[in-house]
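First comes the structure, then the notes that go with it.
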Amino acid sequence: MPEISVIIPVYNLQKYVNRTINSVLSQSFSDFELIVVDDGSNDASFSILSRLAVEDSRIELIKQENQGQAVARNLGLRMARGKFIAFIDGDDIVGRDYLKILYQAIRENCSIDAVCLPHQNHSVSEADALVEALQDQVVPTNANSMLLSGTQYALKSLTDNGQEFNTSYVSKMFRRSSIGKQIIPEGHFFEDLVGVPILMNSLNRVLWINQVEYYYLFDRIGSSVNALTVQKSADIIWALSKLCEKFGTLPKFSDALQVAIVNNLYKVSFNENLPEDSKRMGICLIKRITLRSIIRISNSSRLSKRGISSILLKKALYTITRRFW
């Protein structure tokens, strides 16, 4: 039985997936299985993955019809045999000591449910140079760390959502027994935004280590965060509404939810193409934001000034016309 199950969902990533898989196979820690779920790719991704699976027996390759990233991750979870779970996106890169650092930290303390690392953004044009640089990387031995409760991490993920603390399943390792029967929300984009804070809040102790070993590709054409369609706009509203449904009655989450609403809702265009139920949920979210609350949360270092302006404009427009277009 492998110690770690690494789960990678893949959909039409022929330009990137070989680099991602090789960064995992090159890990200094080797006792892992690599579960790769091809989510119905219609490019050469599956052929590339099939070749890699023949070359390395640690790869468990699964192909399913296109059902979305969350379904692919959940399938990987059901197949996982490891004591610990790590998710990696199919176009990202990890340093060669990524699994070793996470594993040693969570293995040494049985009271820790998850270990989290910050990530670093990189562009498509920087990827090859990054891979070369990582080959000569010297890993620091004195990285700062922080022990948090699950609730503390969930709050930070909502207020500071960025490269240090984030609402993402990646750059983390979870104890399999701590995840239990929780599944990643399916049927929507931005499932991380709602799923990760809920999961982290359910954990007892989380260790955060200030050491970058995960490199996130931020400018890939076609990624869910770079091409905001009507469906994705609706799913941002869905995710924020689910967060409010889960945490809205808890006073300690009040400010964190408002920061999350401001930082995400401004991306949504309330036009005639947006479904009516999404418009109604969006209105409810905007009503949660008041001038007083914006003043109260304005000291948050991650609060989007553009988001504040957009929310206040939407709020004023709705007050005057009862419409957003």
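Keep in mind that what you see is a predicted model, and the values were worked out from it rather than measured.
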May I ask you to test the [X]-[Y] pair for a side-chain heavy-atom distance under 4.5 Å?
X      : Y      : value
Ile8   : Val24  : yes
Phe29  : Leu102 : no
Ile88  : Tyr98  : yes
Asn166 : Ser157 : no
Arg73  : Ile85  : no
Ile289 : Ile261 : yes
Arg58  : Pro2   : no
Gln27  : Val94  : yes

Closest non-hydrogen atom pair, [X] against [Y]:
X      : Y      : answer
Asn18  : Arg51  : OD1-NH2, 3.1 Å
Gly82  : Ser5   : N-OG, 2.8 Å
Tyr11  : Asn42  : OH-ND2, 3.9 Å
Ile106 : Phe174 : CD1-C, 4.1 Å
Leu158 : Thr167 : CD2-CG2, 4.3 Å
Ser168 : Asp192 : CA-OD2, 3.5 Å

Distance (rounded to the nearest 0.5 Å) between [X] [atom1] and [Y] [atom2]:
X      : Y      : atom1 : atom2 : answer
Ile184 : Leu77  : CD1   : CG    : 5.5 Å
Ser26  : Arg96  : OG    : CZ    : 8.0 Å
Leu265 : Arg288 : CG    : CZ    : 12.0 Å
Leu274 : Met281 : CG    : CE    : 8.5 Å
Leu148 : Ile112 : CG    : CD1   : 10.5 Å
Ile283 : Lys279 : CD1   : NZ    : 9.0 Å

Do [X] and [Y] sit in one hydrophobic cluster, given that two such residues count as connected whenever their side-chain heavy atoms are within less than 4.5 Å of each other, even indirectly?
X      : Y      : value
Ile183 : Ile62  : no
Leu243 : Tyr266 : no
Leu61  : Val71  : no

In sequence, state the C-alpha distance, the side-chain angles, and the governing distance for Asn204 and Ser111, and then conclude on side chain to side chain contact (heavy atoms under 4.5 Å, CB included). CA-CA 8 Å; Asn204 291 319; Ser111 68; over 6 Å; no
Glu65, CD: over 12 other non-hydrogen atoms inside 6.0 angstrom: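 Count not over threshold, so no.
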Taking CE in Met79 as the centre, count heavy atoms belonging to other residues, nucleotides or ligands within less than 6.0 Å. Is the count above 12?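 For Met79, atom CE is not crowded (no more than 12 foreign heavy atoms under 6.0 Å).
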Taking the inter-plane angle between the rings of [X] and [Y] on a 0 to 90° scale, is it parallel (under 30°), tilted (30 to 60°) or perpendicular (over 60°)?
X      : Y      : answer
Phe165 : Trp208 : parallel
His119 : Tyr214 : perpendicular
Trp238 : His188 : parallel

Would you find a donor on one side and an acceptor on the other, under 3.5 Å apart, between the side chain of [X] and the backbone of [Y]?
X      : Y      : answer
Asp113 : Val206 : no
Glu33  : Ser57  : no
Ser23  : Thr20  : yes
Ser310 : Gly307 : no
Ser41  : Asn12  : yes
Glu213 : Leu117 : no
Asp39  : Ala72  : no
Asp235 : Phe189 : yes

Check step by step if side chain to side chain contact (heavy atoms under 4.5 Å, CB included) holds for Ile48 and Ser45. CA-CA 5 Å; Ile48 295 169; Ser45 294; 5.7 Å; no
How far apart are the C-alpha atoms of Val259 and Asp160, what are their side-chain angles, what is the distance that settles it, and do they pass the side chain to side chain contact (heavy atoms under 4.5 Å, CB included) test? CA-CA 9 Å; Val259 172; Asp160 302 353; over 6 Å; no
Pairing donors with acceptors under 3.5 angstrom, does anything connect the side chains of Asp89 and Tyr216?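 The answer is no; no qualifying pair exists.
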For Thr151 and Asn201, test the side chains for any donor-to-acceptor distance below 3.5 angstrom and give the result as yes or no.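 Side chains of Thr151 and Asn201: pair found under 3.5 Å.
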Name the residue from Lys100, Arg176, Arg175, Lys83 that meets the salt bridge (Lys or Arg N to Asp or Glu O under 4.0 Å) definition with Glu3.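 Among Lys100, Arg176, Arg175, Lys83, the one meeting salt bridge (Lys or Arg N to Asp or Glu O under 4.0 Å) with Glu3 is Lys83.
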Quick one, Phe87 with Lys172, criterion side chain to side chain contact (heavy atoms under 4.5 Å, CB included). Give me CA distance, side-chain angles, the key distance, then yes/no. CA-CA 7 Å; Phe87 296 100; Lys172 300 171 178 63; over 6 Å; no
